[in-house]
Structures are given as C-alpha cells and as structure tokens.
Amino acid sequence: MKPDLLSLLRIDLPIVQAPMAGVSTAALAAAVSQAGALGSISVGAGNAEQGRAAIADVRRLTDRPFNVNVFCHRPAQADAAREAAWLDYLSPHFAASGAQPPASLREIYKSFLDDDPMLDVLLETRPAVVSFHFGLPDARRIQALKDAGIVLLASATSVDEARQVEAAGIDAVVAQGYEAGGHRGVFDPERGDPAIGTFALTQGVAHAVRIPVIAAGGIMDGNGIAAALRLGASAAQMGTAFILCPESSATPHHRALMQAGEGVITAVTDVVSGRPARGLVNRLFSEIGAPGHPPLPDYPIAYDAVKALNAAATKAGNNDFTVNWAGQGFALARALPAGELVRLLGGELAQASA
C-alpha cells in the first residue's frame with residue numbers, strides 16, 4: 001500500500017498547483033494552499049537570493065505548506081558557432097522589428113545540479129515541499145533536503161524515469177503526461193520524448209512504483225481529478241487550470257489567447273528554449289520551429305535568444321513571438337480567484353466520486 005500523500009503533504013484536497021515558472025506567483029501559491037491544496041512556486045529561473053525572496057513572499061501570505069520547484073537539467077555547454085548560427089537564423093525576425101540580435105547568448109538559468117547557493121537557501125528556509133523537474137539531483141543534495149524534513153517530489157515522463165525517481169528516495173512522483181503545458185520533464189531529451197498520455201502514464205507508473213503518484217497533464221476539473229484517482233494516482237497536478245486566475249502573472253495576451261476559442265491550438269516545440277515544451281501555437285512554432293532550422297543551442301541558452309526576439313517584437317507592437325505555455329485542456333480553464341477555483345474543484349471531485 002502506498003503512503004498517504006495528503007498526510008505527507010499536509011493538505012486537505014488531492015490537488016497540486018503546478019509550479020509554472022513565469023506564471024505562478026506568491027499570491028497564487030498562497031491562495032491555493034490556504035484553500036487546502038498544495039500551492040507551488042518555481043525558483044528555477046532565478047538565483048539563490050531571488051529564491052529566498054520568493055519563499056519569503058509566500059510565507060508572508062500563508063502558514064500552510066507549499067512547494068518550491070527547481071530545475072535539474074544538464075548544465076548547458078556553450079558552443080559559439082552553434083549559437084552564432086542560431087542568431088543568424090533569427091536575424092530576419094529581429095530586423096522585421098527594427099532590432100539587431102544580441103551579439104552573444106548566455107546561460108540564463110543555473111541548474112540545481114550545480115547550484116549550491118540555492119541548496120543552502122532551501123536548507124535554511126525549509127519549505128514543506130521541494131520538487132524537481134528535468135531530472136534528479138545527486139544523492140548528497142537529496143539526502144540534505146530529506147534530513148531537513150522536506151518532502152520531495154519529482155517529475156517523470158515514463159515508467160523508467162518514475163523508477164529512477166523512486167530509487168533515488170523521492171517521496172512521490174509527478175507523472176507528467178504529454179498533454180501537459182510548459183516544459184516536458186524528460187530526463188534525457190536526446191533519447192527522445194516518450195510522449196505518453198497522462199492516463200496511460202499514470203496507470204503504468206502506479207503499477208511500477210510503491211511511492212504515491214501525482215497525475216499531471218490535461219486535468220482541468222473535478223471529473224479529471226476523479227479519473228486520475230481511479231487510475232491509481234493519489235492526487236492531480238494542475239497548471240493550465242490556474243493560468244486565468246487573477247493571481248497568476250499571465251499576460252493579457254496569454255489570457256486572451258486561452259479564451260479565444262476556435263483556431264487556437266497547442267503543440268510541443270524545442271525551438272523556444274532548447275528543450276521540448278507545450279504552448280499555444282504562434283510564429284515561434286510555425287515559422288521558427290519549421291523543419292530545416294539550424295541545430296539549437298543548449299537549454300537554456302536558446303531561451304536567451306527567444307526572450308530577446310520577443311522583447312524586440314513586443315516593443316514594435318507585435319505579439320507573434322510571445323511564449324504562452326498551456327496544456328491541451330486550456331479551453332476549459334476558468335477565470336476564477338484561485339481559492340474559489342480550488343473549492344470548486346473540491347466540490348466537483350466530491351460529486352464525481354459520489
């Protein structure tokens with residue numbers, strides 16, 4: 001029998017709000033946690049001091065448990081020739097906005113795999129939960145966090161990855177289905193994305209590991225949560241469902257796209273950041289990501305280029321190169337305050353489970 005996840009996380013409802021770097025905020029995480037679910041923030045796109053500040057911001061708003069997510073990608077290997085070729089490929093799009101591409105690209109996010117200052121912040125601040133995306137840290141970091149009394153979660157996109165998560169001593173695994181928005185948690189992108197749907201993955205992982213499973217991807221309402229629980233999950237992680245909440249930092253353009261109706265679709269591309277991720281399709285996907293583009297710089301160096309392009313285009317009044325992560329169920333998102341949404345989801349789950 002698997003450990004009781006709700007007791008482990010000290011939450012009332014089997015709902016985890018996905019960390020969503022760039023969209024989640026302290027206000028969103030706190031509102032979700034206050035309503036009895038597990039709110040989350042991501043510190044993967046910041047440095048240690050920014051991480052410390054983000055954790056403090058949530059603590060000012062709630063004394064309930066919340067999750068802090070870090071990125072465990074393989075540190076980028078700079079390649080000046082590949083990066084120059086990529087900038088050359090993007091240069092016509094910069095020119096169309098009256099801008100020049102940057103002279104060089106940077107590794108804008110540091111991996112937790114070699115970020116000891118971020119580890120120190122987590123050990124000092126001791127959030128109730130820490131989650132890993134893109135892989136796993138080494139045994140020393142895992143043991144240090146466990147010794148600090150922190151519950152650990154990690155994403156997996158296949159049964160094999162889930163088994164690695166369990167073997168590393170992680171407390172619960174997030175089974176990230178292909179429907180999920182944002183970056184795929186694939187451990188080794190060079191081996192390809194298994195592209196397994198949420199419910200097939202949830203069942204496979206639940207049968208393969210003894211730790212609790214959190215289903216993620218395409219789950220938008222209480223019926224979806226109930227379905228995941230029936231298939232062996234102990235909870236559901238939901239990200240896209242919270243994007244339209246007023247507490248999220250999603251842009252007006254992002255919100256409008258999600259509510260536009262016909263003609264808006266999602267797809268997975270690696271050209272935005274250098275790793276596969278699902279978002280709302282625009283010219284980043286259809287033109288820059290078209291077949292025949294040059295080899296990509298490593299993640300997150302490639303992301304530096306797209307962020308510069310988006311800034312130039314937006315300044316020129318063009319939203320064609322914005323990054324709008326969303327899962328396949330985005331059309332079912334509801335524009336409600338986060339606490340109200342959690343309570344509604346809890347009611348829908350109770351009704352679906354009756």
Side-chain angles (χ1 to χ4, degrees), residues 18-28 41-47 50 54 71 83-109 181-183 239-240 242-290 293-294 296-327 330-331 333 335:
M20 298 186 293
V23 173
S24 182
T25 64
L28 177 61
I41 57 170
S42 176
V43 299
N47 60 32
Q50 290 169 324
F71 298 161
E83 292 153 20
W86 186 243
L87 287 171
D88 185 62
Y89 174 71
L90 296 180
S91 62
H93 299 290
F94 278 95
S97 296
Q100 292 287 328
S104 61
L105 297 173
R106 301 170 297 115
E107 183 182 5
I108 55 174
Y109 304 153
H183 278 89
T240 304
F242 287 95
I243 291 177
L244 295 183
C245 293
E247 296 93 339
S248 97
S249 60
T251 65
H253 179 68
H254 192 168
R255 295 171 188 271
L257 282 177
M258 285 184 54
Q259 296 175 298
E262 291 295 323
V264 181
I265 61 171
T266 71
V268 174
T269 186
D270 57 0
V271 298
V272 172
S273 70
R275 288 187 67 109
R278 182 178 294 281
L280 301 172
V281 171
N282 58 16
R283 290 175 64 192
L284 283 174
F285 293 71
S286 61
E287 293 182 25
I288 292 175
H293 63 72
L296 288 161
D298 278 5
Y299 174 90
I301 294 173
Y303 215 166
D304 192 27
V306 163
K307 286 178 180 290
L309 175 59
N310 177 39
T314 301
K315 185 177 180 181
N318 178 4
N319 286 316
D320 289 349
F321 300 106
T322 53
V323 178
N324 309 286
W325 302 132
F330 72 90

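- Crowding of Glu287 atom CD: a count of heavy atoms from other residues, nucleotides or ligands under 6.0 Å exceeding 12.
- The two residues Ser286 and Ala290 come nearest to each other via the heavy atoms O-CB, 3.6 Å.
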Determine whether Leu28 and Met20 satisfy the following criterion, side chain to side chain contact (heavy atoms under 4.5 Å, CB included), listing intermediate values before the conclusion. CA-CA 11 Å; Leu28 177 61; Met20 298 186 293; 4.1 Å; yes
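- For the pair Thr322/Asn310, a side-chain contact is recorded, criterion being any heavy-atom separation below 4.5 Å from C-beta on.
- Taken to the nearest 0.5 Å, the CD1 atom of Ile108 stands 5.0 Å off from the NZ atom of Lys307.
- Ring pair Trp325/His183 is perpendicular by interplanar angle, where above 60° counts as perpendicular and below 30° as parallel.
- Between Gly327 and Thr240, the closest heavy-atom pair is N-OG1, 2.8 Å.
- When every heavy atom of Phe321 is checked against every heavy atom of Ala313, the shortest pair comes out as CD1-CB, 3.7 Å.
- To the nearest 0.5 Å, atom CG of residue Leu87 and atom OG of residue Ser91 are 8.5 Å apart.
- Between Val323 and Val306 there is a side-chain heavy-atom pair separated by less than 4.5 Å.
- For Ser97 (side chain) and Ala99 (main-chain N/O), no donor-acceptor pair under 3.5 Å exists by modelled atom type.
- Side-chain contact between Arg283 and Asn318: present, with at least one pair of heavy atoms (C-beta onward) separated by less than 4.5 Å.
- Nearest heavy atom pair, residue Pro297 against residue Trp86, reads CD-CG, 3.6 Å.
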CA sep, side-chain torsions, deciding dist, call: Leu284, Thr269, side chain to side chain contact (heavy atoms under 4.5 Å, CB included): CA-CA 9 Å; Leu284 283 174; Thr269 186; over 6 Å; no
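- Of the possible polar contacts, one joining the Arg255 side chain to the Cys245 backbone as a donor-acceptor pair under 3.5 Å is found.
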Checking Ile288 against Leu309 for the side chain to side chain contact (heavy atoms under 4.5 Å, CB included) test, could you report, in this order, the C-alpha distance in whole Å, the side-chain angles of both residues, the deciding distance, and whether it holds? CA-CA 11 Å; Ile288 292 175; Leu309 175 59; 3.5 Å; yes
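- Listed for the Thr25 side chain is a donor-acceptor partner under 3.5 Å among the backbone atoms of Glu247.
- Scored by the salt bridge (Lys or Arg N to Asp or Glu O under 4.0 Å) test, Asp270 finds no partners at all (sequence neighbours excluded).
- Taking each heavy atom of Leu257 and Leu280 in turn, the nearest pair found is CB-CD1, 3.6 Å.
- Ring geometry, Tyr299 versus Tyr303: the interplanar angle falls from 30° to 60°, so the pair is classed tilted.
- Inter-residue side-chain proximity for Ser24 and Pro19 is flagged as unmet; no heavy-atom pair is nearer than 4.5 Å.
- Atom CG in Asp304 sits 9.5 Å away from atom OH in Tyr109 (nearest 0.5 Å).
- Here the closest heavy-atom approach between residue Ile243 and residue Ala250 is recorded as CG2-CB, 3.7 Å.
- In terms of modelled atom types and a separation under 3.5 Å, the side chain of Ser249 and the main chain of Gly22 share a donor-acceptor contact.
- Residues Leu296 and Tyr89 are not in side-chain contact: their nearest non-hydrogen atoms beyond the backbone lie 4.5 Å or more apart.
- Under a 3.5 Å cut-off, the side chain of Asn324 and the backbone N or O of His253 do not form any donor-acceptor pair.
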